[in-house]
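Here is the structure we will look at, set down as C-alpha cells.
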2 protein chains.
Amino acid sequence: MNSTVQFRCGTRLLIMGTNAREHGHPAEHVGDAGDAAGATARRGPAGARAERKREAIITAARALFLRDGFDVSVDQIAAEAGVSKVTVYNHFGSKQALFVEVVKDAMDAPLGDTLVGAVDGLAEGDDLRTAITDAARAWVRRIRSDPDVLALRNLVAREAHRVPELHAVWRESGPQLHHPAASGALAELAATGRLTIPDPEVAVLQLYALLVFPHLVFSAYGTELDDALAERLTTTGVDMFLAYYAPEPP
Amino acid sequence: MNSTVQFRCGTRLLIMGTNAREHGHPAEHVGDAGDAAGATARRGPAGARAERKREAIITAARALFLRDGFDVSVDQIAAEAGVSKVTVYNHFGSKQALFVEVVKDAMDAPLGDTLVGAVDGLAEGDDLRTAITDAARAWVRRIRSDPDVLALRNLVAREAHRVPELHAVWRESGPQLHHPAASGALAELAATGRLTIPDPEVAVLQLYALLVFPHLVFSAYGTELDDALAERLTTTGVDMFLAYYAPEPP
DNA sequence: ACGCACATGAACTCAACAGTTCAGTTCAGG
DNA sequence: CCTGAACTGAACTGTTGAGTTCATGTGCGT
C-alpha cells in the first residue's frame, strides 16, 4: 500500500532444531497497542528456572505441533519438555495460548529478505537476471530444505479455523512483514529504470506465484516437487518475469 | 508425461448446493483394478430406501465436513441427514470411511476442462489471447464463486494427515485428472505452432501458478483476493504467459 | 399381506483429553 | 540457610465423541 516503510524488520533466521535461539522477549512485536500499558497483564512465572522451563515447553511444543498438529495432548508436550502439566498451565494458561505463542515465536519472516539483499547489493552494470535468479534460488532452497518452514505454514493453514487468533498472528508476521520487503525491492528496481512495472501489486503476487506458490501448494497436499523441476521452475520463472517486466531484453 | 492420452475424463460439473446430481455409481473410477472383481466386498445395505438414506447421509456429511472440517460428530451428521447414527455405521463402517467417500464423491475435476474447451473450439485465425483469457476468467470465477471448490481443497489439505487415504484419493481425482487436460491443451497449441513450449511440465505449472495458485494460497490462510485484483491477475497472467511462450507478439 | 432386511433411538462402553486440585518437594535469591 | 515462589506427581472432574447393543418399528419386494 504505502511506500517507504521500514523493510528488513525481522532477519532472525529461524534456524530451529538446534535451540540456539536468543529468544529476546517473546511478545515484543511491533504494534499491539494496549500491551505496553499493563505490562503485568497475564505474564507467567518469573525467575531463572521459570525461563528455562518456559523455553523447554515452547521448544517441545513447537516440535510436536509441527509434527502432529494441534491434536497433540498437553500431557505429551509436558512429557516431551520434561515438565509437569501444571507448569505448562502456569505459564501459558491454555493450550490455545501456548499454540499461539509457539507460532508467534517460530514465525519470523525468512522469505523476501533474500530478494532485498540481492537488489540492495546490485551495482549499476550487474546482470539483473543472474542476481534475481540467485536470490530466487536461495529463497526456494530455504523453503524446500528446511522442512519446518513449510510445516509451519501448513500448520497455520490447517489450524487457523480452530484458533482464530492465528489469523492475526499470521497477517502480522507473514505477508505484512515480507510482502513490503519484496514489494520495496521491486519498487527500487522500477525507480532505477531496470524494470517497468505498471501494476506493482500484481507484479509482487506474480513473483510469488512463479517462484514459491508451487512449492506451497504441493506441500500443502503432501507432495513435493523434485529438485530438478524446482530448478527449472525457478530459472524459467525469473526468465518469464523479466521478459515481461524488463524494458528490453539484455 | 506421455502424450495423446484421453483428456476429458470427468466433465461432471460439480454443481453442488442443489443436489441435482445424477450420482451414477459412486465408486466407478477409472483404474482401480481389484475393485471390479469382488464387487460385494464391503458394500453397505441395498434397496431403494437404503439408497435414499445413503445419499442423504453423503449430502449432509458433505455440507458439514466442508463447513467445519473433520471435527463434526457423527451424531450431528446423522441428525442433519435425518437418519439414525446406526444407519450411518451400517452404510459406511466408520467416520473415516464416510469422510473418504464424501471427498471422493465431491471431487470431480472442475478445473482444466475450461481450458480444453476453449482450445478445442479455437479456429485458425482466432485471437489466442482473448480465448485463453476468457477461459482463465471462467476458470478463476468458478474457483472463486463456488466456495465449495476451495473449501474442498482446503479440507483435503487440512485433513490429509489425519486420513492418510485422502492422499490417494486426491492424487487420483485431482492433479492426475485435470493436469493431463491442461497439459494436453498446451500440447495441442504447441503442435499447431501457436505456442513454443520447450518444457511443457514447467509451462503447465506456471499456468496454474499465475492463474489459480494465488487464490489457493490465500484462501488456505483464510483471506481472499478481491475481484478487481483477481481480474488484473488473470489478464496480466495470461499476458505474461503468452509473452513468454508465443513465438511472436500478435 | 407377509416377511425380512433395513432403520430407529435410546442407553451404553470406552477412551482420550482439557483443565483443576493438592499435598509435598525443589531451587533461586536475599 | 531460610523462605516463598515455582515445580511436581498423581489423582480427579467433566466433557466429548466414536462405535456398539438391543428391543422395537417400518417399508420394500414378492
Side-chain angles (χ1 to χ4, degrees), chain A residues 26 40-61 64-65 67-103 158-159 161-166, chain B residues 26 40-61 64-65 67-103 158-159 161-166:
Chain A
T40 55
R42 199 88 283 270
R43 201 53 58 95
R49 182 174 41 157
E51 215 54 44
R52 255 183 286 128
K53 298 284 180 183
R54 185 192 168 86
E55 194 149 342
I57 295 171
I58 286 221
T59 301
L64 292 182
F65 277 143
R67 206 166 46 107
D68 300 336
F70 191 69
D71 290 331
V72 284
S73 66
V74 176
D75 300 76
Q76 273 177 67
I77 295 173
E80 177 77 15
V83 143
S84 159
K85 180 160 69 154
V86 183
T87 304
V88 174
Y89 280 96
N90 282 341
H91 275 273
F92 298 98
S94 78
K95 192 187 177 185
Q96 285 214 4
L98 169 60
F99 188 73
V100 169
E101 217 57 45
V102 164
V103 170
R158 284 204 317 252
E159 313 294 0
H161 66 123
R162 268 201 273 192
V163 189
E165 205 173 340
L166 274 189
Chain B
T40 55
R42 198 84 287 269
R43 202 55 57 97
R49 183 175 39 159
E51 215 53 45
R52 255 184 286 128
K53 299 283 179 185
R54 185 193 169 87
E55 193 149 342
I57 295 170
I58 286 219
T59 300
L64 292 182
F65 277 143
R67 206 166 47 104
D68 301 336
F70 191 69
D71 290 331
V72 285
S73 65
V74 176
D75 300 77
Q76 273 176 66
I77 295 173
E80 176 77 16
V83 143
S84 159
K85 180 158 71 153
V86 185
T87 305
V88 174
Y89 279 96
N90 281 342
H91 275 272
F92 298 98
S94 78
K95 192 186 176 186
Q96 285 214 4
L98 169 60
F99 188 72
V100 169
E101 217 57 44
V102 164
V103 171
R158 285 207 314 257
E159 313 295 1
H161 66 123
R162 270 202 269 193
V163 189
E165 205 173 341
L166 274 189

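Hydrogens, waters and symmetry mates play no part in the numbers below; they use all other heavy atoms, side chains included. First the proteins, then the strands, lettered A, B, ... as listed; each starts at 1.
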Give the nucleotide from the list [options] with an atom nearest to the side chain of [X].
X: Val86(B); options: dA10(D), dA7(C), dC22(D); result: dC22(D)
X: Ser73(A); options: dA10(D), dC17(C), dC22(D); result: dC17(C)
X: Ser94(B); options: dG19(D), dG19(C), dA7(C); result: dG19(D)
X: Pro45(B); options: dA7(C), dG19(C), dT8(C); result: dA7(C)
X: Arg49(A); options: dA7(C), dG19(D), dT26(C); result: dT26(C)
X: Arg52(B); options: dG19(C), dC7(D), dC28(D); result: dC28(D)

Just by modelled atom types, is the Ser84(B) backbone N or O under 3.5 Å from a matching donor or acceptor in the Lys53(B) side chain?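 No; judged by distance alone, with no hydrogens or angles, the pair does not exist.
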Any side-chain heavy-atom pair of Val72(A) and Glu80(A) under 4.5 Å: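 In short, these two side chains do not touch, never coming nearer than 4.5 Å.
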With the side chain counted from C-beta on, respond yes when Val103(B) and Val163(B) share a heavy-atom pair under 4.5 Å apart, and no when they do not. no
Determine, stepwise, if the pair His161(A) / Arg158(B) fulfils side-chain contact (heavy atoms from CB on, under 4.5 Å). CA-CA 10 Å; His161(A) 66 123; Arg158(B) 285 207 314 257; 3.6 Å; yes
So what does [X] touch, heavy atoms closer than 4.0 Å: a base, only the sugar-phosphate, or nothing?
X: Val72(B); result: sugar-phosphate
X: Gly93(B); result: nothing
X: Val74(B); result: sugar-phosphate

[atom1] of [X] versus [atom2] of [N]: gap in Å, rounded?
X: Ile57(B); N: dT8(C); atom1: CD1; atom2: P; result: 8 Å
X: Arg162(A); N: dC17(C); atom1: CZ; atom2: P; result: 12 Å
X: Lys95(A); N: dT20(C); atom1: NZ; atom2: C1'; result: 17 Å
X: Tyr89(B); N: dT20(D); atom1: OH; atom2: C1'; result: 10 Å
X: Gln96(A); N: dC17(C); atom1: CD; atom2: C1'; result: 14 Å
X: Asp71(B); N: dT16(D); atom1: CG; atom2: C1'; result: 11 Å
X: Asn90(B); N: dT8(C); atom1: CG; atom2: C1'; result: 11 Å
X: Ile77(B); N: dG17(D); atom1: CD1; atom2: C1'; result: 12 Å

Phosphate OP1/OP2 of dC6(C) contacted by His91(B) side-chain N/O (<4.0 Å): no
OP1, OP2 of dT8(C) versus side-chain N and O of Thr87(B): anything below 4.0 Å? yes
Parallel, tilted or perpendicular, judged at 30° and 60°: which one describes the rings of Phe99(B) and Phe65(B)? perpendicular
Value rounded to 0.5 Å, distance of CD1 in Ile57(B) from OH in Tyr89(B): 11.5 Å
For Gln76(B) and for Ala50(A), find the nucleotide of DNA chain D with the closest heavy atom, then tell me which residue's nucleotide is more 5'.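 Mapping each residue to its closest nucleotide by heavy atoms, the 5'-most match is Ala50(A).
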Counting distance alone, no hydrogens or angles: does the base of dG19(C) have a donor or acceptor under 3.5 Å from a partner atom on the side chain of Lys85(A)?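 Per atom types, the contact qualifies.
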